[in-house]
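Note that these values count all heavy atoms, side chains included, but never hydrogens, waters or copies made by symmetry. The shown structure was predicted, so the numbers you read here are calculated from the model rather than taken from an experiment. By convention in this document, chain letters (A, B, ...) are assigned in the order of the sequence lines, proteins followed by strands, and residues within each chain are numbered from 1.
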Amino acid sequence: MQYSQLFLPTTREIPSDAEIVSHQLMLRAGMIRKLTSGIYSYLPLGYRVIRKLEQIVREEMNRAGAQEVFLPTVQPAELWRESGRWQHYGRELLRFRDRHEREYCLGPTHEEVITDLVRNEIKTYRQLPRNLYQIQTKFRDEIRPRFGVMRCREFGMKDAYSFDADEPGAEVSYGRMFEAYCRIFARCGLRYRAVEADSGNIGGSFSHEFMVMADSGEDAVVFCEGCDYAANLEKAEIAKPEARKIDSARFLPREEVETPDVKTIEEVCRFLSVKPEEIVKTLVFSADGMPVAVLVRGDHEVNEAKVRNYLGCDSLELADDDTILKVTGSPRGFAGAIGIRARLIADHALLNMTNFVMGANRRDTHVRNVNMGRDFPLREFADLRTAKPGDACARCGKPMQFARGIEVGHVFKLGTKYSKAMRALFLDREGREQPMIMGCYGIGIGRTVAACIEQNHDEAGIVWPMALAPYTVIITPVNVKDEKLFQASQRLYDHLSERGFEVLLDDRDERAGVKFMDADLIGVPLRITVGPKRVAEGKVEIKSRKSGEVSVVALDEREVETFLRERISKEM
RNA sequence: CGGGGCGUGGCGCAGUCUGGUAGCGUAUCUGAAUGGGGUUCAGAGGGUCGGUGGUUCAAAUCCACUCGCCCCGACCA
C-alpha cells in the first residue's frame, strides 16, 4: 500500500477526551474514530489489526474443533422471555419494536439464539458434542462507556457455545476452549493470566477470565506468591483462619454506650478509641426478599458475590431503611447481632474475635465487649469478605498479591441453565430425554487490540507485536524528489509486495522527520530507511521499532527479503 | 440516576466574569526555498461560537429551556 493513498489520519495532538494510552494512541494513529458515546468506527489501519486478530482467533477455534457460524444481531423478545432474561437482563439490553409492534432486542450475547438453533436441529447424543462460534457485533447499552473501545456499547466479540451430552464431555469442551484461548493470547504476544472468576448466578461450576495485565485495567486480579492460584478479586478465596480456643473466662462484661450520631466505622473508632479490627460491622441484605445480616470485621469489606453464592440466592441487595427498621428496630447505622430478627451469617475472621464493639440495634447506641455465644448465637461462618493484599491463599496459605488486569476473554460452564429453560433436549443412549450441557466462551476483539496497545507502546506510539501489526514493514524514502531514492524504494516495494509481505511505502512528499514520527506512531515493526548516504554505498537501513536496533543491509531485493524473513520469524 | 466539567474553523485551546469588528497554535490549499527525527518564508481558504427561545440598540458573552460529550460515583447476566 502506498501511504499517500491510505485513509490514515494521524494526529499530533492528544484528543482531549481520551484518558488511557490505548484510547489516545488508537485515535492518534488513525485506527478509530468515535461516532457517538461508546460507538466507534474502525478506519483501515484499525480494521487491519482487527482482521489480524480475528484470523488468529479463527485458526485457533477451528483447530480446537469449533465451527464458525454467523447469527443475527436482531433477536425476537420471545426467545429472551423463554430464557427468562427479558426480565432479568436489565437496561443493558437495548429493546425496540418493529412496524408491527413486535418486540426485539439487539443481541448483547447469543445464548438464546444458538440454543434455539441447536435445539431444533440436534436430537440425539450421536450428534454431540458440538461447538459453534461466531465473530460478531454485540450491543450492550452500558451505563457508562469509557476508555474508547475498551468499554463501549457496540463491539466485536468472538463467542463460542459448546453442547455436550454429559458432564465429562463438557469438561473436555471447556478444557479445549481454555487451551485455545491460551494459544490465542500467547500468539498475540500478550502477558496474560487465566484467573478463576465468579460465575455469578449464571450457574455452572467453573469460570475463568483471561486477564491482560495492565495498570489501567478495570479489574483487580489476586494471585498467590506461593502457588499458581489466581482469581478475580470478586472470587478470590481467603484461607479460613485457624480457630483458637475461645476462653469464655476472658469475656468482659457487656456494656452499652451512647454514641450520638456515630454511625460509620471511622466515627465509631474515633468516638470509642478503638481500632477497626475490634469492631464488627453488621450489614443487612435482602436476599430474594428475605432479610440476612452479614457480620464482618470493621476493617473488612463484604463481598456480595460470595454472599450470593453462599446463600444460593438470585438477587441480593442492601436492605432499604424500612427493612432495617423492621429487622433491627433502629435506623440505619446502629445494626448489631444481638436480638436481630434476621438470618445471621459471619465471615471467618470473626471466629477469633472476643470483646468486640458492634451496633446495639438502638438509635445512637453501640455495645462494647460483645462475645459470640454468650451474647448471641452464631452458627454460620463462611468466607464472605473481599480479599486484601497480604491475605492468606486458600490453597497454600502464602500471602496473596494484587494486580490490575483487562478482561479480554471469559470461559464459562453454563451447565443446563439455558438448555433446561429453552428445552434444548436430546435422547441419550437409553432413549431418555436429557438437557444438553452447555459452555460459552467469549473474546472481546476490540478490547484485546486495545489491551495489546496498553502493553506495547512507548513515548512515540504503538509498538505492535508482529502478529497483530497492520503492516509488517514500512519503506521510508527520505526524499521522494530524489529519483534515485524513490526508484530504489519503489523497486523494494514491488518486490516485497509480490513476495507476500504486508508493506507500506511512504511515498508522501514529507520531511523525513514527519515520516519517522508517523511510522513510530502507527507502530510498524520494521522500517526500511532509504537515504542518500546509504544508497550511495549500495545499502539501506532496517530499524526495529521494538528494540530500536538498526541493521545495514545491501540494497538488493533478495538480500532485504532474506533479512526481513529472518526478523519476522524471530519476532512471531 | 447523583456529583463535577466541557461544547468557539479538522484537532488543541483563548475570548464569557465586565455584552460592542470572532482570535491563537496546529492542520489544510498555493508558491518558493529546504530535504535523515514533526523545516522556513510569503500568501489564501475555512467558524450558524451545540440548539431553541428570551433580555438588549447590540449576545460567543446575560437569562431560561434543551441536546451532546467527558470525568467521579451508583449500577452491571
Side-chain angles (χ1 to χ4, degrees), chain A residues 9-20 23-24 27-28 30 33-40 80 83-93 105 107-112 138 140-148 151-153 157 159 197-204 207 209 218-219 234 304-305 308 314-318 407 410 412 414-415 417-418 421 440 442 459-461 475-486 489 506 508-522 527-536 539-541 543 545 548 550 552:
Chain A
T10 60
T11 66
R12 190 195 299 213
E13 279 174 287
I14 300 170
S16 59
D17 55 1
E19 287 282 306
I20 60 171
H23 188 197
Q24 294 173 352
L27 288 165
R28 288 190 54 211
R33 287 293 181 261
K34 182 171 70 186
L35 179 63
T36 181
S37 177
I39 300 182
Y40 287 84
W80 287 74
S83 71
R85 291 208 288 185
W86 190 256
Q87 304 303 324
H88 291 299
Y89 205 98
R91 281 163 302 282
E92 262 182 70
L93 185 65
C105 63
T109 173
H110 282 70
E111 281 84 8
E112 280 79 2
K138 307 285 190 222
R140 296 182 186 178
D141 200 356
E142 289 282 345
I143 215 158
R144 183 150 91 83
R146 60 189 124 176
F147 304 145
R151 175 170 296 280
C152 51
R153 299 196 291 170
M157 182 172 174
D159 47 324
D198 183 52
S199 41
N201 51 10
I202 202 162
S207 150
E209 287 169 349
E218 289 190 274
D219 294 284
E234 257 196 345
E304 292 191 23
R308 189 178 291 123
D314 283 330
S315 81
L316 183 79
E317 51 200 13
L318 275 170
E407 182 193 343
H410 201 160
F412 260 111
L414 291 176
K417 180 181 161 103
Y418 296 94
C440 75
E459 240 72 293
I475 302 173
T476 308
V478 150
N479 178 357
V480 291
K481 291 216 176 104
D482 184 325
E483 277 298 311
K484 213 186 243 168
L485 298 187
F486 192 70
S489 303
D506 196 345
R508 295 175 302 168
D509 182 12
E510 288 285 357
R511 311 271 302 187
V514 173
K515 297 186 183 188
F516 293 155
M517 288 295 199
D518 276 332
D520 287 350
L521 175 61
I522 66 177
R527 189 184 79 208
I528 305 178
T529 311
V530 184
K533 279 168 247 154
R534 294 298 186 190
V535 169
K539 296 193 163 94
V540 290
E541 286 168 12
K543 184 171 183 179
R545 175 72 179 89
V550 176
V552 178

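In summary, Glu218(A) and Arg146(A) engage in a salt bridge, as defined by a charged side-chain N under 4.0 Å from a carboxylate O. At a threshold of 4.0 Å, the pair Arg508(A)-Asp506(A) counts as salt-bridged, since one of the basic side-chain nitrogens sits closer than that to a carboxylate oxygen.
In this structure, Glu510(A) reaches the bases: a heavy-atom distance under 4.0 Å links it to at least one base atom across the strands shown. Heavy atoms of Pro9(A) sit nowhere under 4.0 angstrom from any nucleic acid atom. Among the heavy atoms of the strands lying under 4.0 Å from Gly531(A) is at least one base atom, whether or not backbone atoms are also near. Asp509(A) comes within 4.0 angstrom of a nucleotide base, judged by non-hydrogen atoms across all strands.
Ranking rG12(B), rG38(B), rG36(B) by closeness to the Glu541(A) side chain, first place goes to rG36(B). When the nucleotides rA77(B), rG35(B), rA27(B) are ranked by their closest atom to the side chain of Arg12(A), rA27(B) comes out on top. Counting only heavy atoms from C-beta on, Glu92(A) has its side chain closest to rC76(B) among rG37(B), rC76(B), rU34(B). For Thr36(A), counting side-chain heavy atoms from C-beta on, the closest listed nucleotide (rG36(B), rU34(B), rC69(B)) is rC69(B). Nearest to the side-chain atoms of Arg144(A) among the listed nucleotides rG73(B), rC75(B), rG37(B) stands rG73(B). Listed candidates were rG35(B), rG38(B), rA77(B). Nearest to the side chain of Met517(A) is rG38(B). Checking rA77(B), rC70(B), rU39(B) against the side-chain heavy atoms of Asp17(A) singles out rC70(B) as nearest. Listed nucleotides: rA74(B), rC11(B), rU39(B). Nearest to the side chain of Ile143(A): rA74(B). Each of rG38(B), rA77(B), rG35(B) was ranked by its minimum atom distance to the side chain of Arg28(A); first place goes to rG38(B). Nearest to the side chain of Glu13(A), among rC71(B), rG25(B), rA77(B), sits rG25(B).
For a distance-only test at 3.5 Å, the side chain of Arg146(A) fails to qualify as a donor-acceptor partner of the base of rG73(B). The base of rG35(B) does not come close enough to the side chain of Lys515(A) for any donor and acceptor atom to sit less than 3.5 Å apart. You won't find any donor-acceptor pair under 3.5 Å spanning the side chain of Lys533(A) and the base of rG36(B), going by distance alone. For Asn479(A) against rG36(B), a side-chain-to-base donor-acceptor contact under 3.5 Å is absent.
Look at CD on Glu112(A): it is 14 Å from P on rA77(B), rounded to the nearest Å. Atom-to-atom, CZ of Arg308(A) to P of rC76(B) comes out at 7 Å; the value is rounded to the nearest Å. The nearest whole Å value for the distance from the CZ atom in Arg153(A) to the C1' atom in rC69(B) is 12 Å. Here rA77(B) presents its P atom at 11 Å from OH of Tyr418(A), a figure rounded to the nearest Å. Per the geometry, NZ belonging to Lys481(A) stands 9 Å off P belonging to rA32(B), to the nearest Å. In this structure, Gln24(A) places its CD atom 17 Å from P of rC11(B), rounding to the nearest Å. To the nearest angstrom, P of rC75(B) lies 14 Å from CZ of Arg151(A). If you take CZ of Arg508(A) and C1' of rG36(B), they are 15 Å apart, rounded to a whole angstrom.
Rounded to a whole angstrom, the distance from the C1' atom of rC1(B) to that of rU8(B) is 31 Å. Across the P atoms, rU21(B) and rU28(B) are found 31 Å apart, a figure rounded to whole Å.
The partner of rG53(B) is rC63(B), by the rule that a Watson-Crick or G-U pair needs both atom distances under 3.5 Å. With both pairing distances under 3.5 Å, rU39(B) is matched to rA33(B) as a Watson-Crick or G-U wobble pair. Pairing for rG12(B) is with rC24(B), a Watson-Crick or G-U wobble pair whose two hydrogen-bonding atom distances lie under 3.5 Å.
Residues Glu19(A) and Arg91(A) each lie close to RNA chain B; by heavy-atom proximity, the contact nearer the 5' end of the strand is made by Glu19(A). For Glu304(A) and Val480(A), each mapped to the nucleotide of RNA chain B holding its nearest heavy atom, the one lying further toward the 5' end belongs to Val480(A).
In this model, the phosphate group of rC70(B) is approached by a side-chain N or O of Lys34(A) to a distance below 4.0 Å at OP1 or OP2. In this model, the phosphate group of rG12(B) is approached by a side-chain N or O of Ser16(A) to a distance below 4.0 Å at OP1 or OP2. Contact between the side-chain N/O atoms of Thr476(A) and the OP1/OP2 oxygens of rG36(B) is not found at any separation under 4.0 Å.
With contacts defined as side-chain heavy-atom distances shorter than 4.5 Å, the pair Arg85(A)/Tyr418(A) qualifies. Proximity of Lys515(A) to Pro477(A): side-chain heavy atoms (C-beta onward) are separated by under 4.5 Å at one or more points. Using a 4.5 Å cut-off on side-chain heavy atoms (C-beta onward), Arg140(A) and Met157(A) make contact. With contacts defined as side-chain heavy-atom distances shorter than 4.5 Å, the pair Lys138(A)/His110(A) qualifies. Counting heavy atoms from C-beta outward, Thr11(A) and Leu27(A) have side chains that stay 4.5 Å or more apart.
Counting non-hydrogen atoms of neighbouring residues, nucleotides and ligands closer than 6.0 angstrom, the CZ atom of Arg33(A) exceeds 12 such neighbours.
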